[in-house]
Amino acid sequence: MKKNLYLLILVAALLVYINQHPELLNEPEWGQVTTGQTVEEAYRHQRSDVQLQGSGKVKRVLSDDNKGSRHQRFILELPSGLSLLVAHNIDLAPRIEGLRRGDEVGFYGEYEWNNQGGVMHWTHHDPAGRHVGGWLKHAGRTYE
């Protein structure tokens, strides 16, 4: 009977602690696929190195970044109004040809926080197999 009482007290104390620190339940590990977490939540909590999925409309198509690995860059406006820079490695995955303002683009990749909305990268496979593969979807085609 005493063991049950001690166990009940321990469980109650643990529940109180978790209730006071809910972030412990939501803190993703590097590269972990987060279920249900949105870019908006990652932005609000200043989280980085989390795998996220979502979609948005192209707000602006930028010039390619040709320093080091080449990246196609564009800014998405998410349904919440948050802006997200996408840096898509075109040395490892095909470029989205004909991308225009207003186009819908789905994404799955690694989110990095910044005060402007964040950056989505790793939207491609990893040839070394050490990182979760990502993708972009546009006009019925998947780019990975």
Side-chain angles (χ1 to χ4, degrees), residues 3 6-144:
K3 286 183 191 177
Y6 289 134
L7 183 58
L8 184 59
I9 291 170
L10 179 63
V11 168
L14 182 60
L15 289 173
V16 167
Y17 184 79
I18 289 172
N19 190 42
Q20 292 174 347
H21 301 281
E23 71 278 3
L24 296 174
L25 297 176
N26 297 324
E27 191 65 34
E29 296 294 323
W30 178 87
Q32 177 183 345
V33 177
T34 56
T35 305
Q37 185 175 24
T38 65
V39 172
E40 290 82 3
E41 290 169 329
Y43 174 75
R44 188 170 45 253
H45 297 294
Q46 299 184 8
R47 292 202 171 114
S48 291
D49 302 324
V50 291
Q51 290 293 129
L52 298 175
Q53 180 176 337
S55 65
K57 290 192 184 243
V58 176
K59 184 176 182 178
R60 188 167 170 210
V61 177
L62 305 172
S63 62
D64 289 351
D65 177 0
N66 292 313
K67 296 176 187 161
S69 298
R70 298 175 310 132
H71 288 79
Q72 181 179 20
R73 300 178 313 144
F74 53 94
I75 298 172
L76 291 178
E77 183 172 345
L78 304 182
S80 66
L82 187 67
S83 293
L84 178 68
L85 172 64
V86 176
H88 180 60
N89 188 322
I90 52 176
D91 286 335
L92 296 175
R95 158 193 299 286
I96 300 177
E97 296 295 342
L99 188 65
R100 296 193 184 340
R101 183 179 179 175
D103 287 359
E104 183 80 18
V105 177
F107 58 84
Y108 178 66
E110 185 176 294
Y111 175 80
E112 296 291 331
W113 182 88
N114 70 32
N115 62 2
Q116 296 177 319
V119 179
M120 183 61 57
H121 65 123
W122 280 99
T123 56
H124 54 82
H125 72 286
D126 178 7
R130 293 186 301 246
H131 194 282
V132 176
W135 46 258
L136 296 175
K137 291 185 180 184
H138 174 258
R141 183 169 173 202
T142 302
Y143 300 81
E144 50 190 339

Show which side-chain atoms of residues 137-144 pair as donor or acceptor with protein atoms under 3.5 Å away, not counting sequence neighbours.
{"from": "H138", "atom 1": "NE2", "to": "D103", "atom 2": "OD2", "distance (Å)": "2.9"}

| task | Look up atom CE in M120 and atom CZ in F74, then write down how far apart they are to the nearest 0.5 Å. | result | 10.5 Å
| message | Donor-acceptor check, side chain of R73 to backbone of S63, threshold 3.5 angstrom: yes or no? | response | yes
| request: Keeping the roles fixed (side chain from T123, backbone from G109), state whether a donor-acceptor pair exists under 3.5 Å. | output: no
| query | Considering all heavy atoms of both residues, which atom of V61 and which atom of L99 are nearest to each other, and what is their separation? | reply | CG2-O, 3.7 Å
| Contact summary for K67 and D65, nearest pair of heavy atoms | N-OD1, 3.1 Å
| message | Main chain of Y43, side chain of W113: is a donor-acceptor contact present, judged purely on distance under 3.5 Å? | response | yes
| Separation of L92 CG from H125 NE2 (nearest 0.5 Å) | 5.5 Å
| query | Taking only residues two or more places apart in sequence, or in another chain, which ones meet R70 in a salt bridge (Lys or Arg N to Asp or Glu O under 4.0 Å)? | reply | D91
| field | Shortest non-hydrogen contact between G56 and L76, atoms and distance | value | O-CD2, 3.8 Å
| task | Check the pair V39, Y111 against side-chain contact (heavy atoms from CB on, under 4.5 Å), reporting the backbone distance first and the verdict last. | result | CA-CA 8 Å; V39 172; Y111 175 80; 3.7 Å; yes
| query | Judged by atom type as modelled, is there a donor-acceptor pair below 3.5 Å linking the side chain of H88 to the main-chain atoms of P94? | reply | yes
| request: Output the distance between atom CD (E110) and atom NE2 (H131), rounded to the nearest 0.5 Å. | output: 3.5 Å
| request: Kindly compute the distance separating OG (S69) from NE2 (H124), expressed to the nearest 0.5 Å. | output: 8.0 Å
| query | So, D64 side chain and N66 main chain: donor-acceptor pair closer than 3.5 Å or not? | reply | no
| said: To the closest 0.5 Å, what do you measure between CD (E112) and CG (L85)? | reply: 11.5 Å
| Could you give the distance from CD1 (I90) to CZ (R95), rounded to the nearest 0.5 Å? | 4.0 Å
| query | What's the shortest heavy-atom distance between S55 and L78, and which atoms? | reply | O-CD2, 3.5 Å
| message | So which atom in N114 and which in Q116 form the shortest heavy-atom distance, rounded to 0.1 Å? | response | OD1-N, 2.8 Å
| Between K59 and S83, which heavy-atom pair has the shortest distance, and what is it? | NZ-OG, 3.0 Å
